[in-house]
Amino acid sequence: MTPLSPEEFASVTNDTFVNRLEFHPLLGSTNDRSLELAREPHLETPLIVLAATQTAGRGRGANRWWSGDGALTFSLILEPGLLDLPPTVWPRVAVVTGLTLCEVLAAQVPSASVRLKWPNDVHVDGKKVAGILVEVPPAAYPVPARLVVGIGINVNNSWRDAPDEIRDKGTALCDVGGAALSPGELLTELMNRLSDNLRQLAETPEVLAPRWRACCALTGKTVEIQQGERLVRGVCLGIDDDGALLVQQESDRIKLYGGTVAKVS
Ligand code: BTN
């Protein structure tokens with residue numbers, strides 16, 4: 001697969017709410033570059049930083065993000081104040097992004113099961129196809145509050161070429177659907193759906209919860225969630241209205257606002 005080219009994304013700023021797209025043939029991490037840009041007081045947002053090749057892609061915690069040529073790896077810098085998103089709903093931006101990915105990717109691979117593995121992974125037929133890393137850059141006048149939403153999607157980077165140690169854990173859309181996709185069209189669809197969903201988060205958040213509950217991969221499963229030193233084990237009851245994972249632990253119903261899914265059975 002050949003790496004992505006800037007021409008593929010030429011119409012994204014015309015066709016979506018994105019104001020600027022910064023394309024890099026080679027970059028360490030689009031999130032690192034976005035955190036750097038987010039220090040500028042006058043930045044035109046929403047802004048996308050997109051890399052054809054990432055050499056130091058980061059996942060949550062100490063995880064790295066592997067992606068071969070043909071993967072879609074980018075970060076979106078948002079200004080929640082300009083989108084009427086109060087600080088109380090910022091923690092839900094990751095789950096709204098996950099829901100958006102599920103909705104858009106499901107249309108690309110209609111015969112497959114596309115599920116949100118709370119809090120930030122999207123799985124197709126049980127294998128990871130996309131990951132989300134939301135970071136909050138420091139903000140103090142004159143720099144407004146911003147969010148960096150990093151997204152990596154295995155699109156045309158066939159998972160047959162993935163390193164041995166991760167090959168059985170992931171997949172790519174081209175492997176599932178049997179054909180290459182247009183990364184530019186996919187990014188346009190994602191941005192349009194995301195702007196709709198973020199508008200709903202600002203105006204009518206209650207319409208989103210049933211949709212993220214419907215695509216939750218963990219509901220009804222026994223899960224182990226690691227939160228620092230704490231390990232929570234119980235049956236997942238789904239994702240609550242505020243984006244928290246609900247876990248039934250004996251007679252207690254616990255709400256989790258973050259953590260790593262250590263085990264699912
Ligand atoms: C995870 O699975 O833990 C999240 C992975 C997020 C990867 C994306 S790729 C684009 C952006 N830049 C990064 O360095 N990471 C995110």
Side-chain angles (χ1 to χ4, degrees), residues 3-4 8-9 12 18 21-38 45-78 91 93-102 104-105 114-124 126-137 146-157 159 162-163 165-173 183 186-187 190-191 194 217-218 225-228 243 245 256-262 264:
L4 305 181
E8 297 180 77
F9 305 99
V12 170
V18 175
L21 189 145
E22 189 181 274
F23 180 90
H24 295 263
L26 185 73
L27 190 67
S29 151
T30 59
N31 265 42
D32 287 349
R33 169 68 183 148
S34 299
L35 291 173
E36 195 180 295
L37 284 170
T45 63
L47 185 157
I48 282 182
V49 176
L50 189 149
T53 303
Q54 270 193 143
T55 54
R58 295 189 285 110
R60 291 171 76 236
N63 293 343
R64 300 212 37 191
W65 177 260
W66 176 85
S67 49
D69 286 349
L72 189 54
T73 52
F74 65 98
S75 304
L76 174 69
I77 308 176
L78 293 172
V93 169
V95 75
V96 170
T97 305
L99 166 68
T100 303
L101 283 168
C102 285
V104 172
L105 300 189
V114 181
R115 290 281 175 268
L116 174 60
K117 187 177 168 210
W118 180 96
N120 69 326
D121 290 351
V122 176
H123 283 214
V124 171
K127 293 186 171 187
K128 182 163 172 169
V129 82
I132 301 159
L133 177 63
V134 178
E135 296 184 294
V136 186
R146 291 175 176 141
L147 297 175
V148 170
V149 182
I151 300 177
I153 312 171
N154 301 320
V155 180
N156 295 328
N157 51 317
W159 212 249
E165 60 276 18
I166 57 170
R167 193 167 308 132
D168 62 332
K169 296 190 172 71
T171 189
L173 294 172
L186 185 60
L187 185 60
L190 279 171
M191 290 304 106
L194 184 61
L218 303 177
I225 313 287
Q226 194 76 47
Q227 283 192 316
L245 194 73
L256 301 174
Y257 289 92
T260 304
V261 181
V264 184

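Read the numbers this way: they start at 1 and go in the same order the structure lists the ligands and their atoms. These values consider heavy atoms only, across backbone and side chains, with no hydrogens, waters or symmetry-generated copies.
Side chains of Asn154 and Leu173 form no contact here, defined as non-hydrogen atoms less than 4.5 Å apart. Between Leu50 and Leu187, some side-chain heavy-atom pair lies under the 4.5 Å cut-off. Considering only heavy atoms from C-beta on, Leu194 comes within 4.5 Å of Leu76 through its side chain. Side-chain contact between Pro91 and Tyr257 is absent, with no heavy atoms from C-beta onward closer than 4.5 Å.
Side-chain atoms of Asn120 come within 3.5 Å of backbone atoms of Ile132 as a donor-acceptor pair (strictly under, hydrogens ignored). For Arg115 (side chain) and His123 (main-chain N/O), no donor-acceptor pair under 3.5 Å exists by modelled atom type. Looking at Arg60, its side chain does come within 3.5 Å of a backbone N or O of Gly259 through a donor-acceptor pair.
Each of the following atoms of ligand 1 lies closer than 4.0 Å to a heavy atom of Arg60: 1 (C), 3 (O). Counting the atoms of ligand 1 from 1 in the order shown, those under 4.0 Å from a heavy atom of Gly57 are 14 (O). Atoms of ligand 1 found under 4.0 Å from any heavy atom of Asp121, numbered from 1 in the order shown, are 2 (O). Counting atoms of ligand 1 from 1 in the listed order, those under 4.0 Å from a heavy atom of Gly59 are 1 (C), 3 (O), 4 (C), 5 (C). Close approach of ligand 1 to Phe74 (heavy-atom distance below 4.0 Å) involves ligand atoms 10 (C), 11 (C). For ligand 1 and Ile132, the ligand atoms under 4.0 Å from any heavy atom of the residue are 4 (C). Remark: ligand 1 atoms within the under-4.0 Å shell around heavy atoms of Gly152 are 8 (C), 9 (S). Listed by atom number, the atoms of ligand 1 under 4.0 Å from Arg58 heavy atoms are 5 (C), 6 (C), 7 (C), 13 (C), 14 (O), 15 (N), 16 (C).
Under the 3.5 Å distance criterion, with hydrogens and angles disregarded, no donor-acceptor pair is assigned to the side chains of Gln54 and Ser67.
The closest heavy-atom contact to atom 14 (O) of ligand 1, among the options Ala94, Ser29, Ser67, comes from Ser29.
In this structure, the protein non-hydrogen atom closest to atom 5 (C) of ligand 1 is Trp65 CE3, 3.5 Å. Scanning the protein for heavy atoms near atom 2 (O) of ligand 1, the closest one is Lys128 NZ, 2.5 Å. At the top of the distance list for atom 9 (S) of ligand 1, counting protein heavy atoms only, stands Gln54 NE2, 3.5 Å.
For Thr30, the heavy-atom gap to ligand 1 drops under 4.0 angstrom.
For the salt bridge (charged side-chain N to carboxylate O under 4.0 Å, His left out) test, residues two or more places apart in sequence or in another chain that qualify with Arg58 are Asp32, Glu135.
Contacts with ligand 1 closer than 4.0 Å are made by heavy atoms of both the backbone and the side chain of Asn31.
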